[in-house]
Amino acid sequence: MKQVITALLENAIRSAVADGLLPAGALPPVEVDWTKDAGHGDYASNAAMVLARPARKNPRDIAGILLERIDDSGRILEKVEIAGPGFMNFFIREGCWSPLLKKVEDEGGRYGSSDLGKGRRIQVEFVSANPTGPLHIGHARGAVVGDVVANILAAVGYDVFREYYINDTGNQMNNLGRSVLLRYRELLGRESEFPEGCYKGEYIRDLAAELLKREGERYLDMDPEAAIPLLTTYAGGAILEGIKEDLRRFGVVFDLYFSERELYREDGVGILLRALEEKGFIYREGEALWFRTTAFGDEKDRVVIRQNGDPTYFAADIAYHRNKFLRGFDTVIDIWGADHHGYIPRMSAAVQALGYAKEALKVILVQLVNLLRDGKPVAMSTRSGEFDTLREVVDEVGKDAARYNFLMRRSDSHLDFDLELAKRQSSENPVYYVQYAYARICSILRMAAERGYAAPHYGEARLDLLKSAEEIDLIKAITRFPEVIEGAARTLEPHRLTFYLNDLAAVFHSYYNKNKVISDDGDLTGARLFLAKSVRTVLENALTLLGVSTPDKM
RNA sequence: GCGCCCAUGGCUCAGCUGGAUAGAGCGUCAGACUACGAAUCUGAAUGUCGGAGGUUCGAAUCCUCCUGGGCGCGCCA
């Protein structure tokens, strides 16, 4: 509908330009949006106001010119009003809404999707936590945001690839191996000091005990320098398997887990550095190699090879991003914890230095999560080993409530996650509000079937009977769905879907409380069943995008 | 010290990249089940959009400064 209005308006503008009433050449883009206030019609446009400056005319005069030139041959407009400083308010004829429901039936599970992405290849990299310990609640939010952004992009026609970067080399991994060794020795009666940086979680003890059971005491008297790499590989592998399993149970599945070790095996870092050097972005200062990121707006240059000859994490990460683009992705999206925001300029510089557009890399920052229980903070100290893991949270509150709660805020705003609230089956918990609407519709359709009514197909339903204000509102909400998905895709803001869902469910619940779907009037019942079924389709499609289940009973 | 993000009813947050009288939920108060599911609905109250300037037809939104919070500023990852 929005597109129809936009087309009418653009034709009117062309006509006015042709008649010399508006200047030719590039005009500012006009907007058509749905209104917040029914008194302003169904859609409103700011066209006259944005054209006022280039045309050097009064906005209300321009609105009048455009109004005369709107060719409503399809007879969809009840009226168009000029209001306020120069808004054009479009009132849609009552009977023009229900035909829009045909699309819902025709497209079914695909309703809301589009081909905006035109099959362009896009990669979403998310979670990417070091396999040094189980995922915690903070990773969970990033996991859901990444997963749902990927779903949304796929829905608008991108060819989406989900990837997890396993940062499985470096000091942190070394510390993991050392930690396991220390616990292992402890189990065999060798007390030892725990140096700074070592992991003290209970899971380390479990890994050590498992190792002892499987391989005996062979590491006890081995040279630690020889033993640690072996234990690192063992522990990292075991932890990664646990991470994969936790994510799977959370509904998050990756196309690829990409190992940093892989990069080094293929000399990815070496090749990268030579490539950058050829372009003149590498210089030596002291014993270290530096990358001139300031050439692209970073505040200082960055080291890529340290004095001791080891590449930095940054060097490997650039090589990884180069690898992504070489694999043919047009756009690469990284999802990071907000504490990494300072890293954006240098990564952006790296991408540009490699010859890719600045826009080819997009970073979504995800703020931290405050885990609460009944309003009181839950301690999450990694050092003491006391923290709520993703697994524990999902076991306690369930996948649906956890996922939905993570999407109720913009990604870059702090989120309080209250375990007791997430479990509560009440109006305080929006997941159930939406799922309840879905279950309720299923129940109505079951009840209708018992009484001998089947929901009709589009051609059979007397949709002209749907003309109450609530019914029109419901249809409008349904037709907004594709626009909401598009907006979420364009801005990479998955929370728009949860807000939309709450809205749609509210309109339906309100309608339900005022009107009986099933009555003695067969035609009216049929029309309302069709409407209810359309709502259900949208709820199902939207919840599926969020990775939240659609129970037909609750 | 420099940089980035945030500041919106009592609380938690939206606000569609500049639009009309700033919206939801929770909480509070008052109501609705002999009717398709009350995990629902209806109604009421609550705001100098942190402050001060500026940009223009028009600002919660953009610019500058100030106040107050979060984060970052390694040859760590």
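Below, read A as the first sequence line, B as the second, and so on, with proteins coming before strands; counting in each chain starts at 1.
- Under the Watson-Crick or G-U wobble criterion, with both distances below 3.5 Å, U17(B) has no partner in any strand shown.
- In the set C36(B), U40(B), C16(B), U40(B) carries the atom at the smallest distance from any side-chain atom of Asn513(A).
- Taking the syn range as angles within 90° of 0, the glycosidic angle of U48(B) is outside it, so the base is anti.
- Across every strand in view, C71(B) sits in a pair with G3(B) that passes the Watson-Crick or G-U test at under 3.5 angstrom.
- In this structure, His340(A) counts as stacked on the base of A77(B) under the 5.5 Å centre distance and 30° plane angle limits.
- Closest to the Trp290(A) side chain, of the nucleotides G3(B), G19(B), C75(B), is C75(B).
- Contact annotation: Lys36(A) reaches the phosphate of A20(B) (side-chain N/O to OP1 or OP2, under 4.0 Å).
- Across all strands shown, G10(B) pairs with C26(B); the Watson-Crick or G-U wobble distances both stay below 3.5 Å.
- Ranking C13(B), C36(B), G37(B) by closeness to the Ser413(A) side chain, first place goes to C13(B).
- The base of A77(B) has none of its N or O atoms less than 3.5 Å from a complementary donor or acceptor on the side chain of Asn175(A).
- Separation of the Phe417(A) and Phe406(A) ring centroids falls under the 6.0 Å cut-off.
- The aromatic rings of Phe281(A) and Phe296(A) lie tilted to each other, with the angle between the two planes from 30° to 60°.
- The number of heavy atoms from other shown groups lying within 6.0 Å of CG (Asn308(A)) is above 12.
- For His414(A) against G70(B), no side-chain N or O and base N or O form a donor-acceptor pair under 3.5 Å.
- For the pair Arg480(A) and Trp34(A), the distance from NZ or CZ to the six-membered ring centre is under 6.0 Å and the angle to the ring normal is within 45 degrees.
- No contact: Pro59(A) has no heavy atom under 4.0 Å from any strand.
- By the 4.5 Å heavy-atom criterion applied to side chains, Trp336(A) and Val363(A) are counted as neighbours.
- Ring-centre distance between Tyr500(A) and Phe481(A): below the 6.0 Å cut-off.
- Between the CG atom of Asp503(A) and the C1' atom of A24(B) there is a distance of 8 Å, rounded to whole Å.
- The pairing partner recorded for A32(B) is U40(B), the criterion being a Watson-Crick or G-U wobble arrangement whose two distances lie under 3.5 angstrom.
- Using a 4.0 Å heavy-atom criterion, one finds that Asp310(A) contacts no nucleic acid atom at all.
- The six-membered or imidazole ring of Tyr438(A) lies away from that of Tyr433(A), with a centre-to-centre distance of 6.0 Å or more.
- Residue-nucleotide stacking is present for His40(A) and A20(B), judged by a side-chain ring centre under 5.5 Å from the six-membered base ring centre and planes under 30° apart.
- For Phe499(A), the side-chain atoms get nearest to C13(B) when compared with the rest of A77(B), C13(B), A20(B).
- Closest to the side chain of Arg306(A), out of A77(B), U40(B), C36(B), is A77(B).
- With A35(B), C75(B), G3(B) as the candidates, the nucleotide lying closest to the side chain of Glu299(A) is G3(B).
- When each of A77(B), C36(B), C16(B) is scored by its nearest atom to the side-chain atoms of Arg490(A), the top-ranked nucleotide is C16(B).
- Under the stacking criterion of a centre-to-centre distance below 5.5 angstrom and an interplanar angle below 30°, Tyr512(A) sits stacked against the six-membered ring of C36(B).
- For the pair Val517(A) and Glu260(A), both in contact range of RNA chain B, the more 5′-proximal nearest nucleotide belongs to Val517(A).
- You'll find that the side chain of Thr312(A) is closest to C75(B), out of C75(B), C41(B), A20(B).
- In this structure, U46(B) makes no Watson-Crick or G-U wobble pair, since no nucleotide meets both defining distances under 3.5 angstrom.
- Using the Watson-Crick or G-U wobble rule with both distances under 3.5 Å, U64(B) pairs with A52(B).
- Within the structure, every side-chain polar atom (N or O) of Arg528(A) is placed at least 4.0 Å from both OP1 and OP2 of C36(B).
- Comparing U40(B), A77(B), G37(B) by their nearest atom to the side chain of Arg346(A) picks out A77(B).
- Counting any heavy atom pair closer than 4.0 Å across all strands shown, Asn405(A) reaches no nucleic acid atom.
- At C75(B), one or more side-chain N or O atoms of Lys300(A) fall inside 4.0 Å of OP1 or OP2 (strictly under the cut-off).
- Each of Tyr313(A) and Met49(A) was assigned the nucleotide of RNA chain B with the nearest heavy atom; the assignment lying further toward the 5' end belongs to Met49(A).
- Between C75(B), A14(B), C76(B), one nucleotide has an atom nearer to the side chain of Arg409(A) than all others, and that is A14(B).
- Rounded to whole Å, the P atom of G19(B) lies 23 Å from the corresponding atom of G25(B).
- Base pairing analysis places A77(B) opposite nothing; no Watson-Crick or G-U wobble pair with both distances below 3.5 Å involves it.
- Across all strands shown, Ser443(A) has heavy atoms under 4.0 Å from base atoms, whether or not it also approaches the sugar-phosphate.
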